[in-house]
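As structure tokens, the structure follows; a few thoughts come after it.
Below, read A as the first sequence line, B as the second, and so on, with proteins coming before strands; counting in each chain starts at 1.
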There are 2 protein chains.
Amino acid sequence: MKKRIVKLADVAKAAKVSQGTASNVFNRPELVRPEVRERVEASARRLAYAGPDPKGRLLRGGKVNAIGIVMADDTAYFFRDPFARMLLSGIAEVCDERGAGVALVSTNRQKDAAWRIQTAVVDGFIVHCLRVGDRLISLARKRHLPVVAIDLDGGNGMSSVVIDDRHGAYLAARHLLDLGHRKIGLLSLEAADPPRPGFVDAERLRSAEYRTERERAAGYSAALAEHGIELDQLPIMESLNERQAGASHARELLAARPETTAIIAMSDVLALAAIDAARARGLRVPQDLSVVGFDDIPDAATADPPLTTIAQPIVEKGRIAARLIFEAGPPRTETLGVKLVERASTARPR
Amino acid sequence: MKKRIVKLADVAKAAKVSQGTASNVFNRPELVRPEVRERVEASARRLAYAGPDPKGRLLRGGKVNAIGIVMADDTAYFFRDPFARMLLSGIAEVCDERGAGVALVSTNRQKDAAWRIQTAVVDGFIVHCLRVGDRLISLARKRHLPVVAIDLDGGNGMSSVVIDDRHGAYLAARHLLDLGHRKIGLLSLEAADPPRPGFVDAERLRSAEYRTERERAAGYSAALAEHGIELDQLPIMESLNERQAGASHARELLAARPETTAIIAMSDVLALAAIDAARARGLRVPQDLSVVGFDDIPDAATADPPLTTIAQPIVEKGRIAARLIFEAGPPRTETLGVKLVERASTARPR
DNA sequence: GCGCATCGTTGAAACGTTTCAAAATTGTCA
DNA sequence: TGACAATTTTGAAACGTTTCAACGATGCGC
């Protein structure tokens, strides 16, 4: 009653050849005499052989030919978030070139996150923005596979790709200050685990768990200092990086600080959310409120108004991360540049 | 000089327990006495054991706990195309619920497409929109894994999820006809492999390789027939489903047939492209040209002008496809409904 | 102290392939 | 025809794990 699966050995026996030869028929057909090859193929057909099972091959051979992408959210986030999508496009591009596959490893449910990482059938990991901090990363590294981190501190034997967050933050703040803004609100990404949506103090940013927030805090501070302002004087609102959530937090910020003339958002998604919020309060952008974003996702350019933002090479970041996996040289950290893109969401305060 | 990898057997030996016990320490720790467990864990640490290698487990155990998504394009397409993204969101949602992973299988390069499918380490496949027709599908099916097709004919032992394309097409055409349009152009998706971008005749649609185009041809014809028009009388332009390409084809269509007052696009991406093209010719939508789309992607609602389109439940389609994989019942075909969503891209002709 | 259930541990057998040195076969040339 | 080279085929050894029947301890009630 048990339906046994036909395996290579069965095919070999049926065709009266050794298993080695049968294997060659499927993998290096040119090595086997046409006559024999056909006999084996005929047997395979007759037995409805499914072809060499990758599981077996894998164990013997080693390479899976796929890399795993680990993110902090549910799998659908990979397709929902514009930043994630661009990153993945870059990664995918390089994987295609190399003929490697891509496996999505979500870590939404803390419980099986560890299990997912430990059992993912991949040759390497690219990790991005792991809320849970080092724990999952160290799990990944324990597997003795190449691991590349994006936007996280590398070091300690791990490669990473980051951008010059500090300079980006400096440019964003400087831009608003140069325009004459002094009442500036900060719409921040989550700075640590657990996230703490709502007003937070500057210290949370300065000592954030994530490099990105720490560096940016330094950048903002540097720009503000040039005008004798402390980061601590700004209202800082932490928010989940989703448009809905961001809009509601931005509304809260504007309600609590109606004197605000400009908002620095740590991502374009949050910046667009801030524009939504402004509009909901009847404020015009940029006349009544200036908004500067970060990332330069495609929507930034076509938004209404087009978003002034700090552009970072997201796709390229993905490409580089993937190359670092494949090249498997000594660990190193690649830092990419950013630049200010002035569009129409910022102007002098009235 | 060869750096041998530490394996479970090494750890077991070092801890002076059987391999079976060592295995239990990692997989069912509650079965082994705390004292022994710690001894084993200590050995593992000392030897820098990477943990049970999934490859070994896989061979023994069976389930990979991941499904493969096969699409006709390069991997980046999964993240670029709005339709693909929504589909994937739905699939990902269900996979997350079940604790399964998602592997992206691209088939851009014909050459390794077959290899990719044969060696993908997955428990099942969801295939969407395979240009190359049945060949890759039959490869997937040969692996004796569950396969679910999206927007393709099922049958022959394979499950599939489709929408009522014929009715959707009917609704789109009917809507324009009801508004009074008679000079209608059709912007079509690729109807067969190889694609043939440019003007094509109605027969190519009616006898298309893909179900979608065949069914829609029938739907358009039905609506047109009610006004005594034949599908063959419409200019039909086939295009790649990308905004740039679509826009250039739409421009060509409008240039060749300046009398056109309305365009039926087979996807929202193409519809938006048509609007781009109209604008480039100085035509206002909907005053000078009506455009109706298909799919109702998120951009459709926020486009300028908001797009009249045939809405289909894309995310739900993904969910259902994934469930069909997991439930593994007898093969069946699920047909989902569509409806007309009237927005501002269509109006009476002048 | 003895039988009995319970709990831990062992040892060996799969799981399905690829690889590789060695053996067998075929071909070539004088 | 025989020596030698080139081409095919073989057989067995990995690959690293999990599972499971069977075996030993250990604790319990009497």
Side-chain angles (χ1 to χ4, degrees), chain A residues 2-40 43-44 47-65 115 118-121 123 142-145, chain B residues 2-41 43-44 47-65 115 118-121 123 143-145:
Chain A
K2 49 159 61 177
K3 74 191 240 190
R4 240 179 55 68
I5 283 174
V6 275
K7 55 180 103 171
L8 189 56
D10 302 325
V11 174
K13 199 178 301 174
K16 297 196 191 308
V17 295
S18 80
Q19 187 165 332
T21 299
S23 174
N24 282 337
V25 168
F26 292 99
N27 298 299
R28 297 128 97 192
E30 71 283 4
L31 285 192
V32 28
R33 207 144 39 95
E35 181 191 323
V36 178
R37 191 195 314 159
E38 267 170 37
R39 210 167 72 229
V40 174
S43 299
L47 299 178
Y49 178 52
D53 186 333
K55 293 177 199 149
R57 179 207 314 281
L58 221 49
L59 179 51
R60 172 64 227 222
K63 298 283 274 180
V64 181
N65 223 26
W115 176 255
Q118 288 170 325
T119 63
V121 197
D123 299 319
K142 199 171 283 170
R143 287 192 54 186
H144 301 324
L145 296 175
Chain B
K2 50 159 59 178
K3 74 188 240 190
R4 240 180 54 69
I5 282 175
V6 220
K7 56 179 104 170
L8 190 55
D10 302 324
V11 174
K13 199 177 300 172
K16 298 198 192 307
V17 294
S18 78
Q19 187 166 332
T21 299
S23 174
N24 281 338
V25 168
F26 292 99
N27 297 298
R28 298 128 98 193
E30 71 283 2
L31 286 191
V32 30
R33 207 147 37 96
E35 184 191 320
V36 179
R37 191 195 312 160
E38 267 170 39
R39 210 166 71 228
V40 174
E41 277 163 353
S43 299
L47 299 179
Y49 177 53
D53 185 335
K55 293 177 201 151
R57 182 207 311 280
L58 219 51
L59 179 52
R60 172 65 225 223
K63 297 282 274 180
V64 180
N65 224 27
W115 177 256
Q118 288 170 326
T119 64
V121 196
D123 298 321
R143 287 193 53 187
H144 301 325
L145 296 175

Among the nucleotides D/dT17, C/dT17, D/dG16, whichever has the atom closest to the side chain of B/Pro52 is D/dT17

Taken to the nearest whole Å, CD1/A/Ile5 to P/C/dC15 is 10 Å

Look at the side-chain N and O atoms of B/Tyr49 and state whether any lies under 4.0 Å from the OP1 or OP2 oxygen of D/dG16. no

Whole-Å distance, A/Arg37 CZ to D/dT9 P, equals 10 Å

message = Considering every strand and a 4.0 Å limit on heavy-atom distances, what is the contact class for B/Arg28: base, sugar-phosphate, or nothing?
response = sugar-phosphate

When rounded to whole Å, the CG to P distance for the pair B/Asn27 and D/dG16 reads 17 Å

B/Arg143 CZ to C/dG16 C1', in whole Å, measures 13 Å

Could you run down the sub-3.5 Å N/O contacts of the protein with nucleotides 9-14 of chain C?
from: C/dT9; atom 1: OP1; to: B/Arg33; atom 2: NE; distance (Å): 3.4
from: C/dT9; atom 1: OP1; to: B/Arg33; atom 2: NH2; distance (Å): 3.2
from: C/dT9; atom 1: OP2; to: B/Arg33; atom 2: N; distance (Å): 3.1
from: C/dT10; atom 1: OP2; to: B/Ser18; atom 2: N; distance (Å): 2.9
from: C/dT10; atom 1: OP2; to: B/Thr21; atom 2: OG1; distance (Å): 3.0
from: C/dA14; atom 1: N3; to: B/Arg60; atom 2: NH1; distance (Å): 3.3

In whole angstroms, the gap separating C1' of C/dT19 from NZ of A/Lys63 amounts to 18 Å

task = Using modelled atom types only, decide if a donor and an acceptor are shared between the side chain of B/Asp123 and the backbone of B/Val64 within a distance under 3.5 Å.
result = yes

Whole-Å distance, B/Leu59 CG to C/dT17 P, equals 9 Å

- Message: Given 3.5 Å as the limit, does a donor-acceptor pair link the side chain of B/Arg143 with the main chain of B/Ala120, or not?
- Response: yes

